[in-house]
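Here is the structure we will look at.
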Amino acid sequence: PSSGPSSTAATHSDFKRGLHVMPIRGTLFGLGGPHMENPSFVVLAQNKKGIDVTTVGNCLCGSIEVTCDSEPSEIIACHCTSCQAATGGVATYNIVMPETSCRVSKGTPKKFVENADSGESLERFFCGDCGSPIYSATPTFAGHLIIKAGLFLGLKNLKIVTNIFTKSAPEWAPRQKGIPESEGMPG
């Protein structure tokens, strides 16, 4: 993934170039915070084929920004012990996107490499300033980035489509009924 300057990150100058920027502001339990200074947003750009949608998300402090060339819609919730430890929560909520359609468009995340519960090597990228998880990469999903859904506050069409590694999910952790589950890595 590229971490150089972004040509798709929305700024005030985008208005001058004819791009339409729609801020998407989100809060956690109605509370504001530093993330509100850098909300996720969607850029609509007119081209020869019509309208392109670019989705931009960011970490808690705004130092790292991720740009996707389409609006994500599906989340895979991973309940493995590694994801629980990496987030301090019951699961990671992941958007799996092709490397060619998503990139780090601002900042340079730090990397931590481990062996995941699947037995595969897993690279975890996070903000070195605020600690927010940004994305992961593994041979299990070669050619794809496993982007953390929490970067995209306010997107309304995200839905959990499967829960994986549910065998290691805490008993007290809620999971939505009717969503497919796998005790380990499916397949």
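Here, residue 1 is the first one in the sequence, and each next residue gets the next number.
- Here the closest heavy-atom approach between residue A149 and residue I95 is recorded as CA-CD1, 3.7 Å.
- The shortest non-hydrogen separation linking P72 to T55 is CD-OG1, 3.9 Å.
- Nearest heavy-atom pair, I147 versus Y135, reported as atom, atom and distance to 0.1 Å: CA-CB, 3.9 Å.
- For T162 (side chain) and P180 (main-chain N/O), a donor-acceptor pair under 3.5 Å exists by modelled atom type.
- Here the rule is side-chain hydrogen bond (donor to acceptor under 3.5 Å, both in side chains) with N163, and of Q176, E183, H79 only H79 fits it.
- Looking at every heavy atom in both residues, S168 comes nearest to Q84 through O-NE2, 2.9 Å.
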Would you please test V66 and F152 for side chain to side chain contact (heavy atoms under 4.5 Å, CB included) and show each step?
-> CA-CA 9 Å; V66 174; F152 303 99; 4.2 Å; yes
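- Within the 3.5 Å criterion, the main-chain N or O of S182 finds a donor-acceptor partner in the side chain of T166.
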Would you sort out whether E65 and V104 count as a side chain to side chain contact (heavy atoms under 4.5 Å, CB included), showing the intermediate values?
-> CA-CA 6 Å; E65 186 176 88; V104 173; over 6 Å; no
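- N157 contributes no side-chain N or O that, together with a main-chain N or O of S73, makes up a donor-acceptor pair within less than 3.5 Å.
- Using modelled atom types, no side-chain atom of K148 and backbone atom of C59 make a donor-acceptor pair closer than 3.5 Å.
- For F165 against C80, the heavy-atom pair with the smallest separation is CB-N, 3.5 Å.
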Residue pair C68, C102: steps toward the disulfide bond (SG atoms under 2.5 Å apart) verdict = CA-CA 4 Å; C68 297; C102 276; 2.3 Å; yes
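- One N or O on the side chain of S132 and one on the backbone of L60 form a donor-acceptor pair closer than 3.5 Å.
- Linking ILVMFWY side-chain heavy atoms closer than 4.5 Å, directly or via other members, places I160 and I164 in two distinct hydrophobic clusters.
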